[in-house]
Amino acid sequence: MKASQATAATSARNEKVAALAGFLAGVDPSEVPTAVALLTGVPRQGRVGIGWALVETSIANVDRNDHAAPAGPPLTLADIDTAVDTVSRTGGSGSDAAKRDIMAGLFQRATAEEADFLSDILVGGLRQGALAGVLASAISKAFGVKLSLLRRAAMLLGDLGEAGTIASVAGDAGLAGVGLTVGRAVEPMLAATSPDVPTALIETGTAAVEWKLDGIRIQVHKLGGEVWVFSRNLNDITLRVTGVIDVVRSLPVSSAILDGEVLGSSPHFFDIIHRDGQDLLNQPLHERMAHLEAVAGAHRIPSVITDDPEQALAQLAAALAAGHEGAMVKGIDTRYEAGRRGKGWRKVKPVHTLDLVVLGAEWGHGRRKGWLSNLHLGARNNKTGEYVMVGKTFKGLTDHLLEWQTEQLLMRETHREGITVFARPELVVEIAVDSTHASTRYPGGVALRFARVRRYRDDKSPTEADTVETVRSLMVTLPAHELPE
């Protein structure tokens, strides 16, 4: 808690790193994952349905008036982790009362400052600037390990906290020994954006130009007859995509890790990073494509290798004609950079879309009365991790989405102001825009032009939302008569 306060008290990155490193150096190795998770503002178990109502009633059940005089032994990281874990597994009849008792037990032992910290952690209100990059630097400093090795291990494990434990126990050698594990999700490689296909080709050189499907990103692992399917944010979605399982089980390979998209129930693959005991991360794309063709050729996303802008544009046109959203342009010599937005991968989408975080919504009127309708949309400040409002929209929402988002936002409600219900910044929504323009109306200094909802992105976490800088990159200068009042 003191480390969190010290981090929040300074905007200087080096000071944040020093404060966090000093704390982490004294943490038991087994508790490093819990510490790292809490310092990022989310319990190790993720969001487990603990909201303001449960926190407030739990505090109300504490049999004392002054949190400065806690009862029982001091709280430890293990105590918090065990309590949250128990709450996450508590369900059924009487579960609400049981959860209140568990949380009350924590708050009974907390000082006033600890109670505030716990409340913020549990309801998603912690804002201290301890981003993953800052924490990675702090772990590196705390345990004297190379930052590059730590980042690589965290990407392959999909867990910075676990990489921190390895760093604390086994140092550089332990981190260097981390490899791919079939059945364990790896952070996916991401793409940067290019305005058009010819520009993307200039940036990549000879490239594989493939259709960009409007599906859900998946990472599929196969080991013998076992198949696991993970979402973009590393959630296990195997039971939700049974059609994918049937396809992958039929592939001529004993073990594999495949990268792709799912449309409906059908998988479409564009990469492979493991095949029959051989890790392919460091092989160039053109070699991985050969492996992919041998393993899943019938299920590959259409792709051509070219350095000709006309041929690449024809591939984009074919993708759009088939109802997809654009093209991916990938340099044929690029390695698979897990967890990074590699410069060798470029995405081109003729329709501008932004992935933004829902900060709240206004109650509708008329036909939408009783539903939360007009969305308050936020982009991520890449330096602070805060979400900055950049616009509103109520367009593109079907009755089904209105009903769903009302339920979801009320579950995440933090407070109300007039007709607006504010919520924890957890939901990511894909917004189509014509452009953006400078505006003093919103804190981000920019506003969306003709924004409309395309879909909610349950495969993305808020930390993957587009940044304010990305929103500004779509900025145009409007004539005076089109500027907002």
Side-chain angles (χ1 to χ4, degrees), residues 36-37 39-42 46-47 124 126-127 129-136 151 154-161 185-194 212-219 229-237 259-262 270-271 325-326 328 336-343 345-347 349 352-359 375-391 405 408 412 423-433 444 448 451 453-474:
V36 169
L39 287 168
T40 60
V42 182
R47 299 293 177 208
L126 185 66
R127 295 290 181 268
L131 303 176
V134 173
L135 270 169
R151 285 175 171 163
M155 292 168 187
L156 296 178
L157 294 168
D159 190 325
L160 178 60
V186 179
E187 290 189 18
M189 182 170 175
L190 305 175
T193 300
S194 291
K212 188 178 189 312
L213 305 190
D214 192 11
I216 297 174
R217 180 84 176 262
I218 55 170
Q219 183 182 117
V229 184
F230 300 98
S231 68
R232 177 192 179 100
N233 51 8
L234 311 188
N235 290 329
D236 189 333
I237 59 171
D259 203 349
E261 300 259 348
V262 61
F270 55 75
D271 215 329
E325 63 179 12
M328 298 293 298
Y336 193 98
E337 298 177 299
R340 299 186 63 186
R341 198 171 294 281
K343 295 180 180 179
W345 283 21
R346 318 296 299 191
K347 58 184 174 183
K349 296 193 292 184
H352 299 306
T353 62
L354 294 165
D355 293 319
L356 301 175
V357 173
V358 179
L359 305 177
L375 297 173
H376 290 210
L377 302 167
R380 181 168 51 86
N381 183 316
N382 202 32
K383 294 181 179 179
T384 67
E386 298 279 351
Y387 299 100
V388 183
M389 190 171 177
V390 294
Q405 76 181 22
Q408 295 297 316
R412 294 167 170 81
R424 298 194 303 269
E426 296 176 359
L427 297 178
V428 178
V429 64
E430 184 180 290
I431 301 293
V433 298
L448 311 176
V453 173
R454 293 193 67 187
R455 57 174 171 162
Y456 274 88
R457 297 298 304 264
D458 61 355
D459 59 325
K460 281 196 171 185
S461 67
T463 57
E464 295 179 288
D466 282 314
T467 64
V468 176
E469 289 74 16
T470 299
V471 177
R472 288 173 179 162
S473 72
L474 302 179

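Values reported hereafter were calculated over all heavy atoms of this structure, with side chains retained and with hydrogens, waters and symmetry mates removed.
- Judged by distance alone, the side chains of T467 and T470 do bring a donor and an acceptor atom under 3.5 Å apart.
- Taking both residues in full, the closest heavy atoms of L234 and A185 are given as CD2-CB, 3.9 Å, listed atom of the first, atom of the second, then distance.
- Taking CD of E430 as the reference point, atom CD of E325 lies at 6.0 Å (rounded to 0.5 Å).
- Judged as a ring pair (Phe, Tyr, Trp, His ring centres under 6.0 Å), and not counting sequence neighbours, the contacts of F230 are H221.
- Taking CG of L427 as the reference point, atom CD of Q408 lies at 6.0 Å (rounded to 0.5 Å).
- In this structure, the side chain of R346 engages the main chain of T193 through a donor-acceptor pair within 3.5 Å.
- The CG atom of N382 sits 11.0 Å away from atom CG of D466, with the distance rounded to the nearest 0.5 Å.
- In this structure, L356 CG and H376 NE2 are separated by 13.5 Å, a value rounded to the nearest 0.5 Å.
- Side-chain atoms of Y456 do not come within 3.5 Å of backbone N or O of Q405 as any donor-acceptor pair.
- Between atom CD of residue E464 and atom CG of residue L190 there is a gap of 6.5 Å, rounded to the nearest 0.5 Å.
- Residue V229 forms a side chain to side chain contact (heavy atoms under 4.5 Å, CB included) with just one option from V262, I216, I218, D236, and that option is I218.
- Closest non-hydrogen pair, V468 versus G444, comes out as CG1-O, 4.0 Å.
- A donor-acceptor pair is defined here as one N or O able to donate and one able to accept, closer than 3.5 Å; such a pair exists between the side chain of R380 and the backbone of T463.
- In this structure, the side chains of W345 and S194 stay at 4.5 Å or more apart for every pair of heavy atoms.
- With I431 as reference, V453 is the one residue of D355, V453, T353, V390 to meet the side chain to side chain contact (heavy atoms under 4.5 Å, CB included) rule.
- Here the side chains of D271 and M189 are not in contact, with every heavy-atom distance at 4.5 Å or above.
- In this structure the side chain of L354 reaches within 4.5 angstrom of the side chain of L448, judged on heavy atoms.
- Atom CZ of R232 sits about 6.0 Å away from atom CZ of R457, to the nearest 0.5 Å.
- R217 places a side-chain heavy atom less than 4.5 Å from the side chain of F270.
- Contact between P462 and P425 at its shortest, heavy atoms only, is CG-O, 3.2 Å.
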